[in-house]
Structures are given as structure tokens and as C-alpha cells.
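So the structure is just underneath, and the comments pick up after that.
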Amino acid sequence: AMSLMPGKKKINVHACYAIFEDGEFVDRDKLEPKHFQKWVDFAKERGMGLDFNPTFFSHPMVKDGLTLSSPDEEVRNFWIEHGKACIRISQYFAEQTGVPCVMTSCTLQRVYRCNPFRAI
């Protein structure tokens with residue numbers, strides 16, 4: 001399908017698309033760039049960039065429908081750490097592919113644009 005689409009392509013990866021080695025698992029607040037290396041390799045082999053989305057849903061630490069705005073400090077801190085991990089992963093995507101990575105999140109109500117040519 002990609003060969004039929006004009007222009008440059010990017011893949012949008014969610015945090016829940018992490019790829020773990022056999023027997024490995026970390027929760028969303030502990031994700032690292034290495035958990036997305038296969039996505040980076042795939043994109044680089046095809047000359048593509050990667051965009052990234054945190055995954056602030058479908059998780060036991062969503063309490064009463066709340067994540068970052070939860071009154072429970074443990075819940076709130078978990079999701080804060082998830083967001084910070086996602087910013088680091090987005091920066092890694094940009095550095096590795098040489099293509100700016102846009103990290104979007106409806107929960108954060110903000111767009112971070114990681115540039116491969118400068119640190120954020």
C-alpha cells in the first residue's frame with residue numbers, strides 16, 4: 001500500500017506498541033527507547049519518520065476514569081512518569097531517524113515536536 005501513496009511517510013506509534021524481548025516487561029511509566037528499537041529499525045530501513053503517542057488509557061492505573069488529573073497521588077505520579085518517558089522516546093525517534101517526531105496527546109492537551117538537530 002505504501003508504494004501507492006505519494007510523498008514521505010511516517011508511522012504513528014502508541015506507547016502500548018512497545019516490543020519486549022522474551023520474558024521482559026516494564027509498565028508504561030518505565031518505558032525506554034529500547035522497547036521501540038524494532039519500530040526505529042523498520043522506519044530507518046524504509047526512510048520513514050516516526051510520530052509517537054502516550055497511551056493514557058486501557059490500564060489498571062486509570063482510576064475512576066482519571067490519569068493526570070487523579071486526586072490519587074500514586075496514580076497521578078505514574079502517569080506523569082509515563083508522559084516523561086514518552087518525551088524521551090520521541091526525542092530518540094527524532095535522533096535516530098533524522099526526522100522530527102511529533103508527540104501528541106489529547107490528555108496532555110499539548111504537542112511536543114522533537115527535533116533531531118537539537119535537544120529539547
Side-chain angles (χ1 to χ4, degrees):
M2 288 191 304
S3 69
L4 300 173
M5 294 180 224
K8 297 199 177 263
K9 286 98 184 150
K10 291 178 91 179
I11 299 170
N12 190 311
V13 178
H14 261 276
C16 61
Y17 301 166
I19 300 172
F20 300 107
E21 298 300 322
D22 287 341
E24 179 189 22
F25 175 78
V26 299
D27 214 339
R28 291 184 196 167
D29 62 330
K30 304 285 191 247
L31 289 171
E32 298 177 47
K34 70 179 183 177
H35 300 122
F36 298 88
Q37 188 60 49
K38 291 182 181 180
W39 287 105
V40 170
D41 295 343
F42 180 89
K44 286 172 71 172
E45 288 167 9
R46 290 158 180 81
M48 300 171 71
L50 295 164
D51 288 338
F52 197 62
N53 290 80
T55 308
F56 287 102
F57 56 85
S58 297
H59 190 279
M61 284 297 276
V62 176
K63 302 288 172 118
D64 300 320
L66 300 174
T67 57
L68 291 169
S69 61
S70 175
D72 183 326
E73 186 175 4
E74 180 183 7
V75 170
R76 217 173 34 253
N77 287 337
F78 176 88
W79 293 109
I80 288 168
E81 292 305 314
H82 175 59
K84 289 163 55 175
C86 290
I87 292 170
R88 290 189 293 271
I89 292 163
S90 297
Q91 182 66 37
Y92 180 76
F93 284 179
E95 292 166 358
Q96 291 297 303
T97 64
V99 178
C101 173
V102 176
M103 184 189 99
T104 59
S105 173
C106 294
T107 302
L108 294 175
Q109 299 286 319
R110 174 172 245 163
V111 174
Y112 291 93
R113 184 170 184 184
C114 295
N115 186 324
F117 309 109
R118 69 170 174 77
I120 57 171

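From Ile19, atom CD1 reaches atom CG of Asp41 across 9.5 Å, with rounding to the nearest 0.5 Å. For the atom pair SG of Cys101 and CD of Gln96, the computed distance is 12.0 Å after rounding to the nearest 0.5 Å. Note that CZ of Phe56 and SG of Cys86 are 6.5 Å apart. Values are rounded to the nearest 0.5 Å. In this structure, CZ on Arg28 lies 7.0 Å from CZ on Phe78, to the nearest 0.5 angstrom. Between Phe20 atom CZ and His35 atom NE2 the span is 5.5 Å, to the nearest 0.5 Å. In this structure, CG in Leu50 is found 14.5 Å from NZ in Lys9, a value given to the nearest 0.5 Å.
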Working for side-chain contact (heavy atoms from CB on, under 4.5 Å), residues Leu68 and Ile80: CA-CA 7 Å; Leu68 291 169; Ile80 288 168; 3.8 Å; yes

Between Met48 and Ile11, is a side-chain contact (heavy atoms from CB on, under 4.5 Å) present by the stated rule, with each step listed? CA-CA 7 Å; Met48 300 171 71; Ile11 299 170; 3.4 Å; yes

Steps toward side-chain contact (heavy atoms from CB on, under 4.5 Å) verdict (Asn53, Met103): CA-CA 5 Å; Asn53 290 80; Met103 184 189 99; over 6 Å; no

Check step by step if side-chain hydrogen bond (donor to acceptor under 3.5 Å, both in side chains) holds for Asp27 and His59. CA-CA 10 Å; Asp27 214 339; His59 190 279; 2.7 Å; yes

Going through the distances and angles, do Arg88 and Gln91 end up as a side-chain contact (heavy atoms from CB on, under 4.5 Å)? CA-CA 5 Å; Arg88 290 189 293 271; Gln91 182 66 37; 5.8 Å; no

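No side-chain N or O of Asn77 forms a donor-acceptor pair with one of Glu81 less than 3.5 Å apart.
Here Lys38 pairs with nothing under the salt bridge (Lys or Arg N to Asp or Glu O under 4.0 Å) rule; sequence neighbours left out. With sequence neighbours excluded, no residue forms a ring pair (Phe, Tyr, Trp, His ring centres under 6.0 Å) with Phe42. Applying the ring pair (Phe, Tyr, Trp, His ring centres under 6.0 Å) rule to Phe36 yields the partners Phe52; only residues at least two apart in sequence or on another chain are considered.
Taking all atoms of both residues into account, the shortest heavy-atom contact from Pro33 to Ile89 is N-CG1, 3.8 Å. Phe93 and Thr97 get closest at one heavy-atom pair: O-OG1, 2.8 Å.
Using a 4.5 Å cut-off on side-chain heavy atoms (C-beta onward), Val13 and Asp51 make no contact.
Although no hydrogens or angles enter the test, the distance criterion places a donor-acceptor pair under 3.5 Å between the side chain of Thr55 and the main chain of Ala15. Although no hydrogens or angles enter the test, the distance criterion places no donor-acceptor pair under 3.5 Å between the side chain of Ser70 and the main chain of Leu66. A side-chain donor-acceptor contact under 3.5 Å links Trp79 to the backbone of Met61. Judged by distance alone, with hydrogens and angles left aside, the side-chain atoms of Lys10 form a donor-acceptor pair with the main-chain N or O of Pro100 at under 3.5 Å.
The number of heavy atoms from other shown groups lying within 6.0 Å of CD (Glu24) is above 12.
Between Asp72 and Lys63 there is no salt bridge, since no side-chain N of the basic residue sits under 4.0 Å from a carboxylate O of the acidic one.
Hydrophobic clustering of Ile, Leu, Val, Met, Phe, Trp and Tyr side chains at less than 4.5 Å, counting indirect connections, unites Val26 with Trp39.
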